[in-house]
Amino acid sequence: MPRLNRLILAHLWTAFAAFGGALILGLWQMWVRSPFAAPLSSSENYFISVTAHGSAMGYVLTTFFIMGFGYFVAETALKRPVPFPRLAWAGFYAGIVGVALVVGTVVSGRATVLFTFYPPLTASPWFYVGLVLVVVSSWVWCALMLIGMGQWKRENPGKSVPLAMFATTANAVLWLWTTVGVAAEILFVMLPAAFGLTEAVDVGLTRTLFSWTLHAIVYFWLIPAYIAFYTMAPQKAGGRLYSDMMARISFVAFLIYGLPVGLHHLFMDPHPATGFKAVQMVLTVLVAVPTLLTVFTVCASMEIAGRLRGGKGLLGWVGALPWKEPLVLATGLSFFMLWFGGFGGLINMSYGMNAMVHNTSWVTAHFHMIFGGSVVIMYFAIAYEIWPKLTGRAAPCVAHQRVQLWSWAIGMMILSLPWHLLGMFGQWRRVAQFDYSDPTISWWAPWMTASLIGGAILVASGALFIWNLARFHIADRAQRLDAAPMEPMQYAVALHPGSTPAALNGFRLWNILVLVLMTAAYALPIAHSFIVNPPHALVHRVNG
Amino acid sequence: MDNKPNPPRDTFSGKVVGTIGASALLAGLLAFIVIPTVTGREDGLDVFTALCRAIGLTVEAPSPVNGHTAGSTVALDPATSALLAGGDPEKGAVIAGDVCVSCHLTNGDTSDPNTIPTITGQSARAIYKQLRDLKTGARESEVMKPIADGLDEKQMSDLAAYFGGLSPRNFDNPEVIAISERTRALIEKGDASRALPACAACHEARAGGPWEAPNLTGQYPSYIDAQLKAYAEGKRRNDLYARMRIIAKKLTPQEMRELSAYYNAPAYPF
Ligand SMILES: [Cu+2]
């Protein structure tokens with residue numbers, strides 16, 4: 001058992017508790033939008049719910065899961081204690097206070113600004129304070145990851161940092177860069193507005209700052225899934241990691257190309273100059289590189305596993321893989337959803353096509369497929385993988401884990417494919433209720449019903465997930481593994497272990513490159529607001 | 001002395017920096033030079049202007065082909081809202097009695113429904129916006145221009161407070177006017193096939209539309225019709241973001257007539 005298993009479990013259970021609550025809200029939101037009358041349906045409640053759902057899924061589930069998993073990796077991959085455990089606990093409690101503030105303000109209707117808080121809408125100041133606390137708590141985690149990796153390198157001169165830890169630290173570095181945008185927005189614009197110190201905000205500036213964060217945050221969420229693809233799935237499948245170097249390259253590529261591309265979220269906004277939109281669009285195309293590298297490397301690693309297990313012929317290795325292993329199954333399902341999500345992403349990042357899907361349900365459907373589908377299913381699989389190590393007990397029932405993963409993937413497809421379709425036909429997002437008696441949109445009803453069914457499947461699957469984990473804790477003494485200590489966590493070994501270029505064993509070069517690219521991509525668009533000084537929008541308070 | 005090649009890691013860093021630099025350079029070239037020059041030419045911009053616009057150096061440079069004039073300069077900023085909040089209706093009433101009464105009557109209604117609008121039932125913001133535009137010339141009117149010229153900011157806000165506080169006029173035509181289903185749909189739902197939003201989305205009281213959108217209910221048909229025509233022909237250009245010009249250009253004369261008639265009846269709720 002990792003020494004910090006209580007800390008790790010505290011983080012992961014916080015994440016999954018938020019997830020469980022948010023899931024139920026998600027179903028209710030689908031119900032409100034569907035042709036069937038939902039209880040408590042009103043636009044006020046709808047926007048309270050959407051804000052809570054988005055904040056819980058996008059900020060609490062992800063951040064706490066990533067921190068918990070990061071501590072786990074730091075301890076098991078480096079095989080040394082995480083530095084400053086007390087500080088880690090302090091960070092955790094700061095995050096919990098932050099979550100409590102966010103929940104309190106949202107539920108009391110004082111922060112119905114949605115989780116990306118569209119200024120000039122302005123929530124209760126405590127909503128932003130809560131978010132700041134969550135971010136500060138995650139900065140503590142980032143610092144501990146960097147210190148841990150640094151200490152290990154000093155203790156092991158000349159050796160390359162284990163891939164899982166290198167990737168986790170890459171994520172910490174990415175996150176430090178990522179949060180600069182939103183932190184500046186909150187500290188310099190939203191908090192002064194929320195506390196009544198200013199009466200108007202420069203909406204263009206706030207949106208530009210938020211866009212700094214908006215794309216990279218998605219990679220922050222995604223990287224744990226990629227860590228599992230590279231370092232855990234090949235191991236479970238009984239194979240080798242095809243190339244350690246390619247893995248490292250794709251993690252640093254996420255760091256470099258994940259950041260200077262955020263303006264692709266503002267294609268339809270009037271304030272960023274067209275040249276910067278175009279630059280960031282081209283750079284966005286390059287983000288496809290690490291994704292394709294990953295698809296290639298992970299498939300190759302799986303092929304090695306399949307062939308080692310006796311798979312023959314062109315595709316025989318696919319059938320020979322141990323699909324009964326939840327982690328292998330989840331990887332397959334995640335890749336499957338990644339095709340749809342990736343395709344949708346290509347549409348969104350193309351300036352012209354983006355204009356057609358802008359502000360439609362297509363966008364919401366897209367990020368549910370790629371985040372709720374491809375990424376979150378890997379969170380489940382990681383949890384199933386590490387829970388035995390955290391609790392010292394064997395999985396009570398692996399079949400239930402498989403059912404859960406399958407039902408999640410199926411539910412997500414049923415939820416999001418019709419949603420994409422309606423978006424393509426112009427269904428607008430951020431709308432609470434539709435009038436299905438109107439002939440223009442009455443044909444939506446069956447598709448919305450399908451999405452609702454998908455949502456119900458997801459809730460059932462989510463409940464099974466929580467149950468699957470809870471059973472570890474309430475398992476019989478007989479299933480305890482205290483007597484025969486559990487094997488320590490094993491990460492996949494590279495097929496050709498060789499020396500790693502020094503550049504890929506640290507972050508100095510990458511930080512310099514990020515600095516240069518971010519300056520090129522964002523300095524002028526941000527400075528623009530101060531040079532041009534566009535009209536500011538009156539603060540619109542929604543805090544009751 | 002042997003000439004060893006650089007250790008492999010250094011060539012690696014060099015290659016990476018080279019690749020990333022090249023990709024960024026390519027992106028910059030496309031975004032700041034190629035695309036602006038090509039699309040700028042279609043819009044009739046010279047190369048220099050097109051490049052400046054791509055970087056954001058010239059924001060307002062209008063494209064001569066698709067040009068919208070800058071139009072109104074009114075913004076609902078903290079200064080404007082403070083000004084409006086300080087408007088004194090009693091002082092406004094005095095000016096109204098002195099200057100406006102001959103045309104708009106003391107209750108804001110018209111002395112000639114065919115040429116002069118009623119200005120009752122409007123928000124103070126809408127009235128102020130028009131007075132400011134009439135004064136700066138963003139909205140042209142031979143009759144109102146000299147009158148607006150004589151008003152300072154404070155007087156405009158007093159007048160806005162006064163007229164904005166008056167209740168809507170009594171309808172002389174209490175009957176619900178019959179209009180075609182199509183036009184009713186245009187008002188309530190818009191027309192997606194022509195990308196026309198619903199008039200009610202902005203012009204109904206509490207619609208949540210733009211702050212300066214006037215209330216149309218009770219307005220005289222000849223005035224509404226004239227304004228829609230003026231927007232459509234680009235003669236009235238003070239609407240921010242060309243909102244009304246874009247809409248009015250798509251309306252047929254028949255629709256304009258029906259829309260005008262519609263608002264002159266109490267069927268439309270305040
Ligand atoms: Cu993005």
Side-chain angles (χ1 to χ4, degrees), chain A residues 198-201 245 249 252-253 256-257 260-261 270-286 289 351 425-426 435 438-441 498-505 508-510 512-514 516-517 520-521 524-525 527-529 531-539, chain B residues 7-17 19-37 39-40 43 50-60 72-82 84-85 125 185 188-193 195 208 211 240-241:
Chain A
T198 51
E199 281 169 72
V201 295
M245 168 118 157
I249 291 181
V252 295
I256 290 172
Y257 289 130
V261 295
H271 47 92
T274 50
F276 287 94
K277 292 180 183 174
V279 159
Q280 301 206 14
M281 186 183 89
V282 178
L283 292 178
T284 307
V285 180
L286 296 175
V289 171
Y351 196 111
F425 281 95
D435 174 9
D438 188 314
T440 351
I441 66 162
S499 69
T500 309
L504 286 176
N505 203 32
R508 182 175 305 128
L509 173 65
W510 315 117
I512 296 171
L513 281 172
V514 170
V516 170
L517 286 174
L524 248 149
H528 198 240
S529 273
I531 300 167
V532 174
N533 197 22
H536 293 196
L538 283 189
V539 164
Chain B
R9 51 176 99 155
D10 284 349
T11 48
F12 175 80
S13 306
K15 272 187 208 153
V16 169
V17 175
T19 318
I20 290 170
S23 66
L25 212 67
L26 177 77
L29 208 70
L30 275 174
F32 291 112
I33 313 241
V34 180
I35 301 176
T37 340
T39 56
D43 284 342
L51 297 190
C52 289
R53 275 163 63 98
I55 316 173
L57 288 183
T58 40
V59 231
E60 290 288 346
S72 177
T73 52
V74 185
L76 187 59
D77 52 18
T80 306
S81 51
L84 288 175
R125 289 168 171 188
E188 287 167 6
K189 293 177 190 156
D191 180 357
S193 66
W211 59 270
L240 298 172
Y241 310 118

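Computed from heavy atoms alone, side chains included, the values below leave out hydrogens, waters and symmetry copies. As the structure is a computational prediction, the values presented were derived from the model and not from experiment.
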Of all of A:Leu538, A:Val516, A:Val282, which one pairs up most often with chain B through heavy atoms under 4.5 Å apart?
A:Leu538
Return the option, out of B:Asp77, B:Leu76, B:Thr80, with the maximum number of heavy-atom pairs under 4.5 Å with chain A.
B:Leu76
What are the two closest heavy atoms between A:Ala273 and B:Arg53, and how far apart are they?
CB-O, 3.8 Å
Atom group of B:Pro78 that falls short of 4.5 Å from chain A, counting heavy atoms:
both
Of the options A:Thr440, A:Asp438, A:Asp435, which is the one that meets B:Lys189 in a side-chain hydrogen bond (donor to acceptor under 3.5 Å, both in side chains)?
A:Asp438
Counting heavy-atom pairs under 4.5 Å with chain B, the top scorer among A:Leu286, A:Thr274, A:Val252 is A:Thr274
Region of A:Ile531 in contact with chain B, defined by heavy-atom distances below 4.5 Å:
neither
Under 4.5 Å, counting heavy-atom pairs only, tell me which of B:Ile35, B:Val16, B:Leu51 racks up the most with chain A.
B:Val16
Is B:Leu30 in contact with chain A via its backbone, its side chain, both, or neither, using a 4.5 Å heavy-atom distance?
side chain
Minimum heavy-atom separation for A:Val279 and B:Ala27, please, with both atom names.
CG2-O, 3.9 Å
Which heavy atom of A:Pro501 sits nearest to which heavy atom of B:Phe12, and what is that distance?
CB-CD2, 3.7 Å
Find the distance between OG (B:Ser23) and CG (A:Leu517) and round it off to the nearest 0.5 Å.
7.5 Å
